[in-house]
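Here the structure is laid out as structure tokens; the discussion comes afterwards.
All values below were derived from every heavy atom in this structure, side-chain atoms included, with hydrogens, water molecules and symmetry-related copies excluded. Quantities reported herein were computed from a predicted structural model and do not represent experimental measurements. Every number for a ligand or one of its atoms is a count from 1 in the order of the listing.
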Amino acid sequence: MDSAVHNENGRLPMSTSAQIGVTGLAVMGRNLARNFARNGYAVAVHNRTASRTRALLEEFGDEGEFIGAETAADFVAALERPRRLVIMVKAGDPTDAVIEEFAPLLEDGDVIIDGGNAHFADTRRRERDLRERGIHFVGTGISGGEEGALHGPSIMPGGSAESYASLGPMLEKISAKAADGAPCVTHVGPDGAGHFVKMVHNGIEYADMQLIAEAYQLLRDVAGYSPAQIAEVFRTWNTGRLDSYLIEITAEVLSHVDAATGKPFVDVVADQAEQKGTGRWTVQLALELGVPVSGIAEAVFARSLSGHTALREASRGLAGPTAQPLSGAAADAFADQVEQALYASKIVSYTQGFHEIAAGSAEYDWNIDLGAVAAIWRGGCIIRAAFLDRIRAAYDARPDLPSLLADETFATEIAEAQHDWRAVLGAATSQGVPTPGFAAALAYYDSLRADRLPAALTQGQRDYFGAHTYRRTDREGSFHTLWSEDRSEVQV
Ligand SMILES: NC(=O)c1ccc[n+]([C@@H]2O[C@H](COP(=O)([O-])OP(=O)(O)OC[C@H]3O[C@@H](n4cnc5c(N)ncnc54)[C@H](OP(=O)(O)O)[C@@H]3O)[C@@H](O)[C@H]2O)c1
């Protein structure tokens, strides 16, 4: 019995004419399939539960050329060769299950694209296993949520150059376009490179959101503004160097009024945030790679702390100042300082995120072009921002830039912002407003520019209790002081 579902165009599933297939038709997969179809590609569609496939064809079948399939065999048979098959299912075991369902039906040179939020180590494993079976595996980060999937996401594919040659033009067509018209997709690098970059994208997203949240809290508690006033401040900021999707939606959220109570929406939402996979992975990997991503880590921890309701309840009465809101011109001047602090802290977050990508690239031999990564984040993704054009320019001018802070333009901007940055943190500290993101960013900046760090003392302590040895500033070699004897020094 032919179990395939036909669309209005009467395409037969066995006609081997779909240029691409999408399996997994929940919100992301369905919209991605529609995006391909709207861009003129014939798309085979499949889902474990066939009702989703039928629903897609019924609701959106007239948007382009779809070939519905209810069985894996029909789905694979509907694809032209080399087959390009996108998996958009729940990350983890479901992805492995789907790969195992389809791989035996594929042939040499076919391409499986995993568009889910996979951990890059899983992607490396899957790529290796499938390569041995003659199948290309393209672990692909996709950012932009359901709207992005439909209208144009930022796409971060990893995998072989050969698979990108066949897939790249299609991804370029469905991707978001930056303001200069460039598609927001690039071949990031081999095996897990795409999912690694997507992971760090999400880590930076966490940091961006935390910094924006702290700016809001400062404008509320120290400047004394209402949510509606703060929404206006963010709208103004969105016309300047902070112009970004996250600032834009922040203004929308802050100006929203709860219909049930008439109160600002932000005042009726429980102040407990979720911290799921990718932000946490970014920090875990940074620890393994030895990369200080303190701003991203603080963002993950801030969400985690917000969810510790019992701990917060038990601590609510602890001593500390209560913020005394400013007013008039003083409040407005403080708001300008917060913009400076937010911008400087944002530069640090991106500095840390790009450091992690560079470290991952070196560790796994990915040869990632950092400027190209900045370029594909300019549109479609959650952290899209005018600012990314400048990061791209910094890496294009100097691909071996050791840190974004070493770029002259960013260094000059921070030099100009730093007085206000410090003033804002001074006010936050003296008024008891928690600003872990701003503080971590400034501490990172001051640590990097320090002539001497107290790590020398740390090394002394380690040598004292554990004979861990130390290096000297004036001579080569490793040394140990005989602390419990005569405190003479020996070279080891
Ligand atoms: N939502 C976003 O904004 C977003 C953004 C970027 C990336 N992603 C990633 O994109 C992927 C898809 O996300 P989503 O939100 O659309 O869907 P989802 O809720 O993560 O997953 C639902 C889909 O997975 C399928 N599935 C689950 N277990 C399966 C199994 N064992 N075998 C076969 N199919 C299985 C479901 O099929 P049934 O219908 O049969 O249950 C359904 O099609 C995920 O990896 C997600 O992390 C999501």
Please determine if [X] has a nitrogen or oxygen closer than 3.5 Å to a nitrogen or oxygen of ligand 1.
X	value
M28	yes
V89	yes
E146	no

What are the atoms of ligand 1, with element, lying closer than 4.0 Å to any heavy atom of N117?
->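 Those of ligand 1 that fall under 4.0 Å from N117 are 7 (C), 8 (N), 9 (C), 45 (O), 47 (O).
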For ligand 1, which atoms, with element, lie under 4.0 Å from some heavy atom of G145?
->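 Counting from 1, the qualifying ligand atoms are 3 (O).
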Any idea which part of D93 is under 4.0 Å from ligand 1, heavy-atom wise: side chain, backbone, both or neither?
-> neither
The closest protein heavy-atom partner of atom 23 (C) of ligand 1 is A26 CB, 3.9 Å
Would you call the rings of Y350 and F354 parallel, tilted or perpendicular, where under 30° means parallel and over 60° means perpendicular?
-> parallel
With a 6.0 Å cut-off on ring centres, are Y444 and H355 close enough?
->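 Not close enough - the centres of the two rings lie 6.0 Å or further apart.
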Who passes salt bridge (Lys or Arg N to Asp or Glu O under 4.0 Å) against E63, sequence neighbours left out?
->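 E63 satisfies salt bridge (Lys or Arg N to Asp or Glu O under 4.0 Å) with R34, R38 once adjacent residues are dropped.
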Under the salt bridge (Lys or Arg N to Asp or Glu O under 4.0 Å) test, which residues partner E339, sequence neighbours left out?
->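 Residues passing salt bridge (Lys or Arg N to Asp or Glu O under 4.0 Å) with E339: R241.
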Do N35 and N39 have a side chain donor and acceptor closer than 3.5 Å?
-> yes
